[in-house]
Amino acid sequence: MGSSSFLPLSQNQFRIPQTKFAVCEPHKITQVAFSKKPTTPSPSSPSYSLSCQVLHRCVPFAASVSILLCSGPAKAGFLSGFPGLESVPGPKLPEIEFLNRFNEENQKKYAEDDARFKSSPLLKKLLEQSKLNKEKNRQEIQDKYCLRGAEWGVGDCSAEAMSPEDREKFISMLKQKAGLSE
């Protein structure tokens with residue numbers, strides 16, 4: 001074993017002044033004292049129970065506040081300010097005339113195909129059908145909610161104020177309209 005960097009401390013170098021600590025446990029109060037003469041407190045003393053209550057309430061709060069106030073900002077690492085490789089421009093590549101011409105021709109072809117598709121009668125028919133289906137589905141959902149409100153007696157379609165006969169007629173009419181006829 002190598003030499004130790006710790007030197008033994010003499011009693012004069014390391015001196016603890018007389019300090020008393022109250023150790024609180026749920027059902028027992030004891031006192032620990034650092035002095036030449038040990039002291040024994042009376043466990044029935046009200047000052048010790050009060051100090052334990054204060055200690056139990058203040059220590060967690062003090063620890064939380066000290067952590068909150070003493071903690072520094074989080075460090076992301078030594079490369080956190082580095083913009084990264086993607087921000088460095090790459091070398092200028094030579095332009096090949098054949099590839100440029102080929103790319104331009106493809107772009108024209110794609111633009112023509114898009115324009116032809118957008119003006120096709122099939123697409124127009126499908127878009128119109130989609131609008132009709134959207135309106136039909138919205139109306140069906142509205143009818144179902146109206147039927148539910150009439151049965152439960154809530155909302156705009158509530159049938160609470162109607163007579164029992166009128167209520168039954170109204171609900172059966174809503175069921176037919178919603179496609180849920182009996």
Side-chain angles (χ1 to χ4, degrees), residues 21-31 43-90 102-182:
F21 296 101
V23 179
C24 302
E25 295 177 7
H27 299 290
K28 182 170 88 173
I29 300 172
T30 58
Q31 181 179 1
S44 62
S45 172
S47 66
Y48 287 118
S49 66
L50 180 62
S51 67
C52 285
Q53 290 174 356
V54 169
L55 189 66
H56 279 293
R57 290 187 181 141
C58 293
V59 168
F61 177 72
S64 301
V65 169
S66 66
I67 289 172
L68 183 67
L69 296 177
C70 296
S71 63
K75 304 282 191 233
F78 70 95
L79 291 177
S80 64
F82 185 65
L85 293 177
E86 63 274 359
S87 66
V88 177
F102 182 71
N103 189 21
E104 288 174 11
E105 290 172 3
N106 281 341
Q107 291 299 325
K108 287 179 186 176
K109 191 186 328 177
Y110 293 147
E112 290 171 2
D113 289 344
D114 285 345
R116 192 176 26 209
F117 177 72
K118 288 178 182 178
S119 66
S120 72
L122 177 63
L123 180 64
K124 289 180 181 179
K125 178 184 170 190
L126 290 174
L127 287 173
E128 183 64 31
Q129 188 65 37
S130 176
K131 287 179 186 177
L132 293 174
N133 284 342
K134 183 177 179 181
E135 179 60 31
K136 184 184 82 168
N137 290 339
R138 186 188 66 76
Q139 187 62 42
E140 285 179 2
I141 290 171
Q142 202 171 22
D143 291 342
K144 287 180 183 177
Y145 280 126
C146 186
L147 174 65
R148 186 179 299 160
E151 289 175 343
W152 291 357
V154 294
D156 293 337
C157 298
S158 175
E160 284 296 310
M162 296 181 185
S163 67
E165 297 166 0
D166 290 340
R167 184 174 184 267
E168 289 301 319
K169 287 179 188 176
F170 182 66
I171 290 177
S172 65
M173 185 268 304
L174 287 175
K175 284 183 180 180
Q176 287 176 352
K177 187 175 177 185
L180 301 171
S181 61
E182 298 169 0

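Here the structure is a predicted model, which is why all the values come from computation and not from measurement.
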Using 0.5 Å steps for rounding, measure from the [atom1] atom of [X] to the [atom2] atom of [Y].
X: Asn133; Y: Glu128; atom1: CG; atom2: CD; value: 10.5 Å
X: Lys125; Y: Ser120; atom1: NZ; atom2: OG; value: 11.5 Å
X: Glu135; Y: Glu140; atom1: CD; atom2: CD; value: 11.0 Å

Tell me which donor-acceptor pairs under 3.5 Å the side chains of residues 108-115 have, and how far apart each pair is, sequence neighbours excluded?
residue: Asp113; atom: OD1; partner: Arg116; partner atom: NH2; Å: 2.2

| task | Apply side-chain contact (heavy atoms from CB on, under 4.5 Å) to Leu127 and list each qualifying residue two or more places apart in sequence or on a separate chain. | result |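 With neighbours one apart ignored, the set is Leu123.
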Please output the side-chain donor-acceptor pairs of residues 142-152 that fall under 3.5 Å, not counting sequence neighbours, one pair per line with the distance.
residue: Gln142; atom: OE1; partner: Arg138; partner atom: NH1; Å: 3.4
residue: Asp143; atom: OD1; partner: Gln139; partner atom: NE2; Å: 3.1

| Residue pairs fulfilling side-chain hydrogen bond (donor to acceptor under 3.5 Å, both in side chains) with at least one residue in residues 157-166, sequence neighbours excluded |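 The answer is Ser163-Asp166.
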| message | Could you report the tightest heavy-atom contact between Ala159 and Phe170, atom names first, then the distance? | response |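 The pair with the smallest heavy-atom distance is CB-CD2, 4.2 Å.
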| Just by modelled atom types, is the Leu126 backbone N or O under 3.5 Å from a matching donor or acceptor in the Ser130 side chain? |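 Not confirmed, Ser130 side chain does not pair with Leu126 backbone.
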| Should we say atom CG of Asn137 is surrounded by more than 12 heavy atoms from elsewhere, each under 6.0 Å from it? |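 Atom CG in Asn137 is packed in, count exceeds 12.
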